[in-house]
Amino acid sequence: MTAMDLASRARQILRDNDQGGYTIPTAGLYPYQWNWDSVFVSMGFATFDSDRAWREIETLFQAQWPDGMVPHIVFRVDEPSYFPGPGVWQAEKGPLPSSGISQPPVAATAVLALAEHDLERARPLLPKLDAWHRWYHAARDPDGLGIIAVTHPWESGRDNLPDWDAPGDAIDVSKVGDYTRRDTALVDAEMRPKKKDYDRYLALVQFGRDCGWDQHHIAANNPFFVADVGITAILLRAERDLARLAQKLGAPTDAIEARIARMEAGFDRLWNAEAGAYCSLDLRSGQHAEAATAASFLAPYAGIAQRKAAVVDLLGAFAEHVTYMVPSFDPRSSHFDHQRYWRGPVWAMVNWMIAKGLAEHGEDAWAARIRTDTARLIGTSGFAEYFSPVTGEGLGGGTFSWTSAIWLAWNLDEIMEGAV
Ligand code: DGY
């Protein structure tokens, strides 16, 4: 396919996955609105239909809970092709049926970009974004450490990352009972989380359900409470972008600045000197995860520059072991698995965030390498959910919304002809 064909295919995928105001990640495997998927989708729509880009974010915020949380899945319909659906979650605290956890808060970053062309449309979103960010600090950093925990691997958006293996040992799965997964009927099981992971996912849903999704109870008692580099970096970036947006709108920024300062002071708690990387931190056991992940490269995106040389060295170390950057997990680890979801594969939207941060900190060569690799992967293997960093094969779901959106938002046409 030529670059022009790829761009029109990307637009077509977004149109096909559009349910009329919100977009599903891909039919069958993910038939609802997912939080951070929608935000990346909005960046793709912004390249050819700005009204639709705004709508994507506005419909996501229709599901915001009274406490500020924006849920990770919005269940507007009941789709039997997905498990676990609304009947399993029983999370009824918001205006729409939803899950009871959140997902990486990328939205303020997307809204700031959209506001360049229509500042007034951003105005009603400002207090909603602010409420969500405040919720993250209150419910996921109750001790004010400046680092943000996830209460479920799904909340991180990086479901089966090896980081969650050891903290997950504390989860009692004895009451999970029988269930039927739908994902492995749609995608090769080798590319998906294992049953052991799913047992833990469901036990955590049961824990939340049993306490009526009381977020304070969850923060204090959930068996899984792990400070995540991904969420922390993405929220810190989003807070900075929210402050810029508030400033443009003439709104006060003091409270946002105070949250930024707390996070800047706390970020180094995630530094694992032994691994030479920012790693997640199990807040129950006090143990860091032992290896780096793609999120270890998000520090520049978060505006954290003090360990930039180490971050760049680590990129070099990863690159020696794979053909395509950036693998989601350290390819030097025995837990690396080049095709299993978040244990190795490359994700286009993670690459976009990493490269953006690197470019903002003068690492143009690395940013260009990551952008080119992303174009080569999609140009060769299509709009897959994720890609093998070793073979370049497209994996997981097909005709995937956020992969299409990144093609458009990152203008990968521009480099495709020369790169593929
Ligand atoms: C899934 O079902 O695999 C999702 O990642 C949960 O958010």
Side-chain angles (χ1 to χ4, degrees), residues 17 22-41 60 63 69-91 97-106 150-164 168 171 176 179-209 213 224 226 228 230-231 234 293-295 328-329 337 339-345 347-350 384-386 395-398 400-403:
N17 289 339
Y22 73 94
T23 306
I24 57 171
T26 189
L29 189 60
Y30 303 116
Y32 299 108
Q33 183 172 27
W34 258 262
N35 185 323
W36 68 331
D37 290 74
S38 266
V39 175
F40 288 108
V41 157
L60 176 64
M69 186 184 84
V70 183
H72 105 290
I73 311 177
V74 187
F75 301 117
R76 283 192 175 73
V77 283
D78 200 351
E79 283 287 348
S81 70
Y82 184 78
F83 174 85
V88 179
W89 283 90
Q90 293 174 25
S98 73
S99 66
I101 57 173
S102 199
Q103 235 182 1
V106 199
V150 290
T151 58
H152 194 299
W154 286 338
E155 195 160 63
S156 74
R158 299 184 296 148
D159 306 4
N160 65 339
L161 200 66
D163 292 34
W164 319 138
I171 303 169
V176 166
Y179 59 92
T180 306
R181 286 173 64 173
R182 306 279 178 218
D183 58 319
T184 42
L186 297 160
V187 167
D188 184 342
E190 294 299 308
M191 300 175 192
R192 294 289 302 173
K194 295 183 176 171
K195 173 168 165 38
K196 184 176 178 187
D197 301 315
Y198 257 77
D199 286 349
R200 292 175 175 187
Y201 302 159
L202 292 173
L204 290 174
V205 171
Q206 285 172 356
F207 184 93
R209 199 174 67 193
W213 297 104
F224 185 90
V226 185
D228 173 30
I231 292 261
I234 289 169
T293 73
S328 44
F329 187 65
D337 180 339
Q339 48 177 1
R340 200 181 286 279
Y341 210 35
W342 288 97
R343 299 179 85 92
W347 295 72
M349 81 300 176
V350 174
E385 184 178 3
Y386 44 96
L395 306 166
F400 219 83
S401 294
W402 65 14
T403 310

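Note that these values count all heavy atoms, side chains included, but never hydrogens, waters or copies made by symmetry. Start at 1 and go down the list; that is how both ligands and their atoms are numbered.
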*asked:* Please list, in number order, the atoms of ligand 1 under 4.0 Å from a heavy atom of Y82.
replied: 1 (C), 2 (O), 4 (C), 6 (C)
*asked:* Yes or no: does Y30 have any heavy atom under 4.0 Å from an atom of ligand 1?
replied: yes
*What's the shortest distance from atom 7 (O) of ligand 1 to any protein heavy atom, and which residue and atom give it?*
H72 NE2, 2.8 Å
_Nearest heavy atoms of A63 and P71, plus distance in Å_ = O-CD, 3.3 Å
*What part of Y201 sits under 4.0 Å from ligand 1 if we count only heavy atoms: the side chain, the backbone, both or neither?*
neither
*Take every heavy atom of D159, measure it against each atom of ligand 1, and state whether any distance is under 4.0 Å.*
yes
_Using only atom types and a distance under 3.5 Å, with no angle test, would you say the side chain of Q103 pairs donor to acceptor with the backbone of W36?_
yes
*Hey, does the Lys NZ or Arg CZ of R200 hover above the aromatic six-ring of F224, less than 6.0 Å from the centre and inside 45° of the axis?*
no
*asked:* Which residue is it: Y22, W402, W154, Y82? I am looking for the one with a ring pair (Phe, Tyr, Trp, His ring centres under 6.0 Å) to W34.
replied: Y82
*Relative to the heavy atoms of R192, which atoms of ligand 1 are at a distance of less than 4.0 Å?*
1 (C), 3 (O)
*asked:* Taking the cut-offs as 6.0 angstrom to the six-membered ring centre and 45 degrees off its axis, would you call R343 and F329 a cation-pi pair?
replied: no
